[in-house]
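Since the structure comes first, as structure tokens, the remarks are kept for the end.
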Amino acid sequence: MDAVKVNGTFVDFQTNWAEMELPESVKEVLSAAPLVQTPETRQQLMDWALGRTTGETDWTLGNREDHGVYEAVFQTSNKGRVTEAVITKARNGLAINFPDPAMRRRDPDAMVIGDDLPTDKPTYQQRFGESFAATRQATLDWLKTQELVAMPFYCGADALGYGGLLIVPRQAAFFAAALADLQGMIPRSQVPEGFRVNGGVLFVAPPFRHTHFEGRQVVVHDRKETHQEVFAYNLYPGPSAKKGVYSMLLDRGEREGWVTNHCAAVAVVTPYENQIVIMHEGASGGGKSEMTEHIHRMDDGRLLIGTNVVTHEQRTLNLPESCHLLPIADDMACAHPSFQKGGRLTIADAEDGWFVRVDHIQHYGTAPNIERLCIDPPEPLTFLNHYIVPGGTCLTWEHVEDAPGKLCPNPRVILPRRVRDDILLGPQRVDVRSFGVRCPPTHKDSQLYGILAMMHVLSPALAWLWRLVAPRGHGNPSIQTQKTKEMQSEGVGSYWAFATGRRVDQANLLLKQILETPDTRHVLIPNQHIGAWKVGFMAEWIVREYLARRGSAKFGRDQLEEATLPLLGYIPSQLRVEGSMIPRIFLRVEEQIQGGVEVYNEGARQWKEFFAKELKQFLVPDLDPLGKQIIEACLDGAHQEDYRRLIPHPLFREDSL
């Protein structure tokens, strides 16, 4: 029996689940399983992840002698013993690696709906030709035969009280450790009396990936009257521990009339102590985590704005002192009605830790703050898809290879909020909502859709439309390879991949959110490329510096020009940061020599076709009448003033006089 003294008390980490207010299916599994353990501490989960008993591991940072390696192995009826994950003890934490490269990032088609409630998503019946009932029961029956970890947690901000429960085989305890870092855990001795699972239950059953789903990532969402059940048939935490819990929050919000936004948020403090809060939304890979990241500098301190992919010319910027950052959220933020005050959107982090992608860190010194925190953390961290020598230090720039010479594009590290001392806690009011778009190189030999300027100012109606179409964009590193290179949508809110219901309901909620927060402004920011210039995430870092220095000041009419393509709103006539002017070629892409008006117009055509294709699916009877007007105006070729009339908004200084 795995037991330990906690605060002087002997704890066996088991619970009488039959006495708790839980769904009957959950009680049946936990009552029948040969062993069910509930963790008291995070360190204990780390021990279990290595197949050890509580207290067996020396987690001292300097411990290089422990070369422990543990394999999460499962017996299957058709493939025998299968190793789903390899867990390695590192000097600075745990390194989790998946032998199957397909399990190293999220499959965009992983979600399947297992119930009969209204949905626009593929159902289990449609995809597999039968009801989910039999597979659901087989899953529960299999779990009854396993030694299990059962871990209570809260979905989203603890104060909201949406209870969740994880049920996972003990040999995959690293999954519980990952979820504990991402959402927090409720220690066994602190589970409140009357704890209810009104958020959701996450069941994990890896062998079914092979016996039922031909090796694919499949996560089945089964909505109940009071909660959601999520059945994860793989051990990569992205579509389940991460986005599965997000789905529970979206489901809760859909029932109650609010949204958990897919975003990062940061308070940006200028050298003059002016503060502004920016909330950055967008598809996976759209720059959310990067919005909370410090600006990258060249060796001599300059900023590399971009490199021309045709001429290889570089443009740089001198910025003597950048802003101080106080991160608020990294990927999910609850905009719960209880938080809202005044005319600005108010959000709180929906997570207890951040699933940080570090594919851009490929050598020492790229992101010193993250590197320092990962190499010398205050507590052991969890790394995914990193090369590791047992007992060595897991380094953020050493990623595993999917194939010889081909690095995995989705290396991750989970950073609990508590390991950072600059986090801004509690609900925060948002000054600016930005939306990130991954853009491809666009010039005469690559006539694509990368025609966005460094920053576009959007009216609220246009901002809503961008959240409906939510372009996935160029070279998304967070999901498995797309079947086509054409522009694709991440779906409404850029969180549609995680929602279980109807897209029109989410569209209405987002429109309601925008209408109720008129004092929050909207901008659009590209990353990766601006026309023929490779910029990475520098555009959003520069815009962050610029907006923070502007503060709450509105634009004068002479400071903004209408974009040639109406879907792109307005462009600043000039963009100056600390006396340095951003070259006009980053604001007026049609003036780039490598592209010109003809290339710009082709990109505009692609955007118009994309918007038309994506927006038509929202024209259903249940769409908000105002939303219908906005979409129809867009399809009819609306201009800026048309959008501004649909949702009046004091965009310019003169509007407020």
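Tested against Leu345, the residues Arg429, Glu516, Gln428, Met279 include a single side-chain contact (heavy atoms from CB on, under 4.5 Å) partner, Met279.
Arg209 contributes atom CZ, which lies 4.0 Å from atom CE of Met103 (distance to the nearest 0.5 angstrom).
Using cut-offs of 30° and 60° on the angle between ring planes, the pair Trp142 and Phe74 is tilted. Ring orientation note: the planes of Tyr364 and Trp397 are nearly perpendicular, at an angle over 60° on the 30°/60° scale. In this structure, His386 and Phe383 have perpendicular ring planes: the angle between them is above 60°, well past the 30° mark. Relative ring orientation between Tyr162 and His336 is described as tilted, the plane-to-plane angle lying within the 30° to 60° band.
When atom types are taken as modelled, the side chain of Arg417 and the backbone of Ile328 share a donor-acceptor pair closer than 3.5 angstrom. Looking at Asp349, its side chain does come within 3.5 Å of a backbone N or O of Glu351 through a donor-acceptor pair. The main-chain N or O of Lys27 is found under 3.5 Å from a side-chain atom of Ser31 such that the two form a donor-acceptor pair. Judged purely by atom type and a 3.5 angstrom limit, Asn92 has no side-chain atom pairing as donor or acceptor with the backbone of Thr393. For Arg223 (side chain) and Leu117 (main-chain N/O), a donor-acceptor pair under 3.5 Å exists by modelled atom type. Not one N or O on the side chain of Asp66 forms a donor-acceptor pair closer than 3.5 Å with the backbone of Gly391.
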Notebook entry, point to check: Does the side-chain contact (heavy atoms from CB on, under 4.5 Å) test come out yes or no for Glu379 and Trp59, once each step is laid out?
Noted result: CA-CA 8 Å; Glu379 60 186 63; Trp59 289 105; over 6 Å; no

Check: Going through the distances and angles, do Ser284 and Arg106 end up as a side chain to side chain donor-acceptor pair (under 3.5 Å)?
Finding: CA-CA 10 Å; Ser284 298; Arg106 177 171 59 87; 3.2 Å; yes

Next item on the list: Take Val430 and Ile347 through the test side-chain contact (heavy atoms from CB on, under 4.5 Å) and record every step on the way to the result.
Entry: CA-CA 8 Å; Val430 177; Ile347 59 171; 3.9 Å; yes

Next item on the list: Start with the C-alpha gap between Asp431 and Arg344, add the side-chain angles, then the distance that decides, and say whether side-chain contact (heavy atoms from CB on, under 4.5 Å) holds.
Entry: CA-CA 7 Å; Asp431 298 290; Arg344 274 185 288 171; 2.5 Å; yes

Margin query: As a quick check of understanding, evaluate ring-ring contact (aromatic ring centres under 6.0 Å, His included) for Phe231 and Phe132, giving each step before the final call.
Written below: CA-CA 11 Å; Phe231 291 81; Phe132 178 55; 5.2 Å; yes

Checklist line | Candidate pair His227 and Asn198, rule side chain to side chain donor-acceptor pair (under 3.5 Å), full reasoning | finding: CA-CA 5 Å; His227 66 287; Asn198 55 345; over 6 Å; no

Notebook entry, point to check: Please walk me through it: do Val268 and Gln275 pass side-chain contact (heavy atoms from CB on, under 4.5 Å)?
Noted result: CA-CA 5 Å; Val268 190; Gln275 178 174 301; over 6 Å; no

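A salt bridge links Arg216 and Asp107; the closest N-O separation between the charged side-chain nitrogens and carboxylate oxygens is under 4.0 Å. Electrostatic pairing of Asp376 and Arg372 does not count as a salt bridge here, judged by no charged N lying under 4.0 Å from a carboxylate O. A salt bridge does not link Lys224 to Asp115: none of the charged nitrogens lies less than 4.0 Å from a carboxylate oxygen. Taking a cutoff of 4.0 Å between a charged side-chain nitrogen and a carboxylate oxygen, Asp181 and Arg418 qualify as a salt bridge.
By the 4.5 Å heavy-atom criterion applied to side chains, Gln340 and Pro427 are not counted as neighbours.
In this structure, Lys121 satisfies the cation-pi test against Trp496, with its NZ or CZ atom closer than 6.0 Å to the six-membered ring centre and inside 45 degrees of the ring normal.
Within 6.0 Å of atom CZ in Arg136, more than 12 heavy atoms from other residues, nucleotides or ligands are found, so the atom counts as buried in its surroundings. Surrounding CD of Gln75 are more than 12 heavy atoms belonging to other residues, nucleotides or ligands, all under 6.0 Å away. Within a 6.0 Å sphere centred on CG of Asn369, other residues, nucleotides and ligands contribute more than 12 heavy atoms.
A donor-acceptor contact closer than 3.5 angstrom links the side chains of Gln506 and Glu254.
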